[in-house]
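Side chains are part of it too, since the values below use all heavy atoms of this structure and drop only hydrogens, waters and symmetry mates. Every number for a ligand or one of its atoms is a count from 1 in the order of the listing. Since we're looking at a predicted model, the values are computed, not measured.
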Amino acid sequence: MLLAIDCGNTNTVFSIWDGERFIATWRTSTEWQRTADQYYVWLSSLMAFQKIDVEITEVIVSSTVPRVVFNLRVFADRYFNTRPIVVGKEGCVLPVDVRVDEGTAVGPDRLVNTVAGYDLYGGDLIVVDFGTATTFDVVDRDGAYIGGVIAPGVNLSLEALHQAAAALPHVDITKPQMVIGTNTVACMQSGVFWGYIGLIKEICARIKAEHGREMKVISTGGLAPLFQQSEDLFDEFNDDLTSHGLVVINAYNRKNS
Ligand SMILES: Nc1ncnc2c1ncn2[C@@H]1O[C@H](COP(=O)(O)OP(=O)(O)OP(=O)(O)O)[C@@H](O)[C@H]1O
Ligand SMILES: CC(C)(CO)[C@@H](O)C(=O)NCCC(=O)O
Ligand SMILES: [K+]
């Protein structure tokens, strides 16, 4: 069985793949201080709780936080007796090209999303991932990652308002009924929600014009459905996109090693 670990700046997702499907997915906050032993206590208790009695033989990691990788390597080695594949590190090859400026360290989550998108939907894609940041990854006809866009995340935008302005409270994102807010919370939600609708539309339209070919827009991340509810922005939504990409990259590397 494969354990796929997708470590973002806010959350880390652990998924177990049995060769055909994900049999479990768990989420924990990302903390670089967490040790290999702490990961194991957490994971093994969830596995026991859900009566998932399987042997993990392979581990793959994608991490946007470099510092957590060390402890995840120790975790894989100590508890599963396996050397993990780490996306973007030595020993991990990708089934797609990466065509960006020399010296650019593309976020591994974006490379994984590219691989997943190409595997599931073919080339000429825009993959929009609503995480800590909102990223747009552009996938060429042949599956190559050819660049994209990084925008501040939805929750980060709201949090920034709260942090910077004494009179602005902490607010959760939701779709406001009106654009004109008649209280502070509604004003903030309107700014971020409708601002984001505009951001997504404008960026996708400009990418398509620049790319010069028909493109599909694929979305992932917890907040994508909220925006899709309001307007038809995305052709597909796939909540497991990053985990799927990890499965594809793992299979590709095991086959080629
Ligand atoms: N309806 C909603 N309202 C507010 N927040 C939501 C809603 N649905 C999902 N979320 C938030 O979206 C997040 C899930 O997003 P996702 O897993 O894509 O990114 P993340 O884990 O926060 O970011 P990263 O991958 O960068 O660590 C969760 O943290 C959850 O709090
Ligand atoms: C943009 C984030 C933070 C999104 O998770 C991550 O992909 C990252 O740290 N990227 C590095 C820079 C880049 O992707 O070009
Ligand atoms: K993510």
Side-chain angles (χ1 to χ4, degrees), residues 3-17 22 24-32 34 60-70 72 86-89 92 94 96-120 125-140 143-160 173 196 199-200 203-204 206-207 210 217-228 234 236-250:
L3 175 63
I5 306 175
D6 159 28
C7 178
N9 280 283
T10 310
N11 290 309
T12 301
V13 178
F14 287 67
S15 319
I16 298 179
W17 174 259
F22 292 109
T25 296
W26 298 290
R27 193 175 267 270
T28 181
S29 54
T30 301
E31 283 161 28
W32 68 266
R34 196 165 303 160
I60 183 163
V61 174
S62 157
S63 180
T64 58
V65 183
R67 291 178 95 169
V68 304
V69 174
F70 175 77
L72 287 172
V86 182
V87 178
K89 297 284 183 212
C92 178
L94 294 178
V96 299
D97 265 0
V98 180
R99 296 197 281 268
V100 292
D101 298 347
E102 212 177 289
T104 301
V106 180
D109 53 340
R110 307 179 71 190
L111 299 175
V112 175
N113 285 345
T114 296
V115 169
Y118 184 58
D119 183 66
L120 293 170
L125 302 178
I126 302 171
V127 181
V128 190
D129 188 337
F130 294 88
T132 309
T134 298
T135 51
F136 297 70
D137 310 321
V138 181
V139 183
D140 208 354
Y145 171 86
I146 55 169
V149 172
I150 300 173
V154 175
N155 288 326
L156 193 62
S157 304
L158 282 165
E159 202 48 36
I173 187 74
Y196 240 85
L199 179 147
I200 297 162
I203 287 176
C204 288
R206 284 178 181 271
I207 289 174
E210 222 165 88
V217 184
I218 314 300
S219 66
T220 188
L223 289 171
L226 180 71
F227 294 105
Q228 181 72 0
F234 314 119
E236 306 277 352
F237 167 70
N238 188 327
D239 207 20
D240 298 327
L241 195 72
T242 314
S243 303
H244 177 77
L246 286 172
V247 170
V248 174
I249 294 171
N250 183 69

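- Within the listing of ligand 2, atoms 13 (C), 14 (O) sit less than 4.0 angstrom from a heavy atom of Val106.
- By the 3.5 Å distance cut-off applied to N or O atoms, Thr104 is not counted among the residues near ligand 2.
- Of the candidates Gly88, Ala105, Ala151, Gly107, the one placing a heavy atom closest to atom 8 (C) of ligand 2 is Gly107.
- A 6.0 Å sphere centred on CZ of Arg99 holds more than 12 heavy atoms belonging to other residues, nucleotides or ligands.
- Distances from atom 1 (C) of ligand 2 to the heavy atoms of Asn113, Thr135, Asp137 put Thr135 nearest.
- Comparing Thr134, Thr132, Asp109, Thr64 by heavy-atom distance to atom 4 (C) of ligand 2, the nearest is Asp109.
- If you number the atoms of ligand 2 from 1 as listed, the ones under 4.0 Å from a heavy atom of Asn9 come out as 3 (C).
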Given the rule in the side chain to side chain donor-acceptor pair (under 3.5 Å) test, do Asn9 and Thr64 qualify, once you have shown the distances and angles that lead to the verdict? CA-CA 6 Å; Asn9 280 283; Thr64 58; 3.3 Å; yes
Please assess Thr28 against Thr12 for the test side chain to side chain donor-acceptor pair (under 3.5 Å), listing each intermediate value before the final yes or no. CA-CA 5 Å; Thr28 181; Thr12 301; over 6 Å; no
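- Looking at Thr114, its side chain does come within 3.5 Å of a backbone N or O of Arg110 through a donor-acceptor pair.
- Checked by atom type, the side-chain pair Asn238/Thr220 shows no donor-acceptor distance below 3.5 Å.
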